[in-house]
Amino acid sequence: MPAPRIKSPHLLVAESGADREGHGLKRTMGLFQLICFGVGAIVGTGIFVGLSDSVAQAGPAVVISFVLAAITCVFTAFSFAELGGAIPVSGSSYSFAYAGLGESTAFLVGWCLLLEYGISISAVAVGWSQYVNELLHSLIGWQLPAVLSAGPGDGGIVNLPAVLVIAMASVLLVRGVRESAGATAAMAAVKLVILIAFCVIGYSAFKHGNLTPFSPAGLGGIGAGTTAAFFSYIGFDAITTAGEEAKNPRRDIPVAIMVCMGIVTLLYCAVALAAIGAIGGKQVAGRPAALSYVVNEVTGSTIGGGVIAFGAVVAIASVVLAVMYGQTRILMSMSRDGLIPRVFEKVSPKTSTPVAGTLIVAIVFAVPAAFASLDAVMNLCTIGTLAIMAVVNLAVMTLRRREPGLTRSFRVPLYPVVPLLGIAFCLYLMFETGWRTWVQFALFLAVGFLVYVAYGRRHSTLGRDLAADADRAGVTAAGAEREPQEA
């Protein structure tokens, strides 16, 4: 069996130009922009739309589900922080897997990232469409007809608002990272203010009786709620995709990850308690645009719900923007390594952005947003993300052993307990997704491996370099054998 193709962290950094100016990209993002980018990538559909699904599973105990999902993410966030500071490149978990576990694993991680980021883009865009209609109803008493605001699986023909938000995000990303970071920061500030205002309104009507029974479905409900709540945290790893565009990535990326996780966890628990405490878990469960509904019920007016809908429209748009950014940068890294077509690594000299790659991503994921019902693949997206997180924890342990001298601006505390716990929590939540999801995931990985064998391995830049080194070594050895004979 051939040895795995492993790319050293030093080579990854050197090829990306990460310690100088990253591969044609410009360093424009400071710590504040990275934190806003992280909040922008995380806070969106998961809390504005997905809260009702989590409450339907766990009831008021959804707060525990959010905490368990956060703990799972925090353990892995430590690993992302260590590797993001040590290997500050755009590839994020793909590059970390390449350095720690080898090329084939890295390709499968990149393949899974198509689920995490790609399906997230489409799903978040569909959620944006729901709140656009809620906002229109609050402002002018009119909504887009179902035929233009939902796909065929949801009673419509095409979801135009979902396509629109993806198109707007792609235009902004093409213009430049400075403009994208500024827009993300502004939108992050708006949604934080809106969610804090929601908490003030919700707690003003808080009734302790609404929290009973606290866990109607028991531990099984909390576990299922945790799996559903986990989707709310997807996106924090996108911070590490800014490794080549952050001003001081080795210092700022670890700090930004930790700050974002703290802010988001506190915010989610506060919002969930406020919503359930105000009107009860049964009223929240399974209800579209749940936060707007809560405010309307508490205030007796549609104005407050309209404000929440506006915040959701802004919040979810920022998630589309941030997640699309992360997807394009990971594809750029994979393209640089030769594992996917070279078009994704081309950076425009005018805007310093991967224009072609951004437009391709926008077109590819606008199609399912416009026409598909994505509920069936959400668990697949979750299990793929959990698998990526488990691999990152494993990569930290592998690199600690193989690269003990690697410069690490942040180290996982209580090593190796924390990464081992990260792996354990990921496996637990993967188990909770059910056997059907495991079968789907196995088939998805099998297709990815076939793509790697058919294209990625044959076009790999590292494979080509290793083959050239082997040929040179063979020529040198042959020459050394001839010299004694001639003598």
When you compare the side chain of F344 with that of P354, does any pair of heavy atoms fall below 4.5 Å?
no
Do E345 and L331 come close enough that some side-chain heavy atom pair is under 4.5 Å?
no
From L12 CG over to S90 OG, what is the distance, rounded to the nearest 0.5 angstrom?
11.5 Å
Please tell me whether W111 and F449 form a close aromatic pair, meaning their ring centres lie under 6.0 Å apart.
no
Would you indicate whether L443, at its atom CG, is surrounded by more than 12 heavy atoms from other residues, nucleotides or ligands within a distance under 6.0 Å?
yes
Would you check, one step at a time, whether the test side-chain contact (heavy atoms from CB on, under 4.5 Å) holds for L68 with F230?
CA-CA 9 Å; L68 289 176; F230 176 80; over 6 Å; no
Pair Y233, Y268 - check ring pair (Phe, Tyr, Trp, His ring centres under 6.0 Å), show working.
CA-CA 10 Å; Y233 290 93; Y268 282 178; 5.1 Å; yes
pair K191-L267: side-chain heavy atoms closer than 4.5 Å:
no
Where is the tightest heavy-atom contact between E432 and T227, given as atom of each residue plus distance?
CB-OG1, 3.2 Å
Taking the six-membered ring for Trp, are the ring centroids of F78 and Y415 within less than 6.0 Å of each other?
no
Tightest non-hydrogen contact, residues A390 and C426, listed as N-SG, 4.0 Å
Contact between I6 and L101 at the side-chain level, heavy atoms closer than 4.5 Å - yes or no?
no
How long is the gap from CG on L380 to OG1 on T433, to the nearest 0.5 Å?
9.0 Å
Would you say that Q57 contacts S65 through its side chain, given a criterion of any heavy-atom pair below 4.5 Å between the two side chains?
no
Residues which pass side chain to side chain contact (heavy atoms under 4.5 Å, CB included) with A228, listed by chain and number, not counting sequence neighbours:
S54
To the nearest 0.5 Å, atom OH of Y455 lies from atom OG of S460 at 11.0 Å
Which heavy atom of M324 sits nearest a heavy atom of S170, and at what distance?
CE-CB, 3.8 Å
Give a yes or no answer on whether the side chain of R436 reaches the backbone of G434 with a donor-acceptor pair at less than 3.5 Å.
no
Derivation and outcome, side-chain contact (heavy atoms from CB on, under 4.5 Å), residues T385 and C112:
CA-CA 7 Å; T385 304; C112 289; over 6 Å; no
Would R400 and V412 satisfy side-chain contact (heavy atoms from CB on, under 4.5 Å), going step by step from the backbone distance to the final call?
CA-CA 10 Å; R400 282 283 189 102; V412 173; 4.2 Å; yes
To the nearest 0.5 Å, tell me how far T353 OG1 sits from Y325 OH.
10.5 Å
Please examine the side chains of Y452 and L108, heavy atoms only from C-beta on, and report whether any two atoms are closer than 4.5 Å.
no
Between F107 and Y98, ring centroids under 6.0 Å:
no
What verdict does the side-chain contact (heavy atoms from CB on, under 4.5 Å) test give for K247 and Q33, after you've listed the backbone C-alpha separation in whole Å, the side-chain angles of each residue and the deciding distance to 0.1 Å?
CA-CA 10 Å; K247 293 178 181 177; Q33 285 82 9; 5.8 Å; no
Answer yes or no: is there a donor N or O on one side and an acceptor on the other, between the side chain of W128 and the main chain of A162, under 3.5 Å?
no
Tell me every residue that passes salt bridge (Lys or Arg N to Asp or Glu O under 4.0 Å) with E103, counting only those two or more places apart in sequence or in another chain.
R5
Just verifying a value: how many Å separate I71 CD1 and T76 OG1, rounded to the nearest 0.5 Å?
12.0 Å
Can T461 and D337 be said to form a side chain to side chain donor-acceptor pair (under 3.5 Å), step by step?
CA-CA 5 Å; T461 302; D337 293 329; 5.8 Å; no
Within a reach of under 6.0 Å around OH of Y428, are more than 12 heavy atoms found that belong to other residues, nucleotides or ligands?
yes
One thing to verify: whether E82 and R250 come together as a salt bridge, which I'm taking to mean a side-chain N less than 4.0 angstrom from a carboxylate O.
no
Taking atom CZ of R458 as the centre, does the number of heavy atoms from other residues, nucleotides or ligands within less than 6.0 Å exceed 12?
no
So, does S335 use its side chain to make a donor-acceptor pair with the main chain of P341 at under 3.5 Å?
yes
So does R342 have more than 12 non-hydrogen atoms from other groups sitting under 6.0 Å from CZ?
yes
Go through E244 and R329 one step at a time and tell me if the salt bridge (charged side-chain N to carboxylate O under 4.0 Å, His left out) criterion holds.
CA-CA 9 Å; E244 294 173 37; R329 270 50 180 182; over 6 Å; no
For G311 and I194, which heavy atoms make the closest approach, and how far apart are they?
CA-CG1, 3.7 Å
Search all heavy atoms of G91 against all heavy atoms of S333 and return the closest pair with its distance.
N-OG, 3.0 Å
Is there a side-chain contact between L83 and T240 (heavy atoms, below 4.5 Å)?
no
Can you name the nearest heavy-atom pair linking L399 to A99, along with the distance?
CD2-O, 3.5 Å
Would you say that I47 contacts F66 through its side chain, given a criterion of any heavy-atom pair below 4.5 Å between the two side chains?
yes
With a 3.5 Å distance limit and no angle check, can you tell me whether S79 reaches the backbone of P419 through a side-chain donor-acceptor pair?
no
R402 atom CZ, neighbour heavy-atom count above 12 within 6.0 Å
yes
Gap between atom CD1 of I257 and atom CG of D237 - 0.5 Å precision
8.0 Å
State whether the number of non-hydrogen atoms from other residues, nucleotides or ligands found under 6.0 Å of Y203 atom OH is greater than 12.
yes
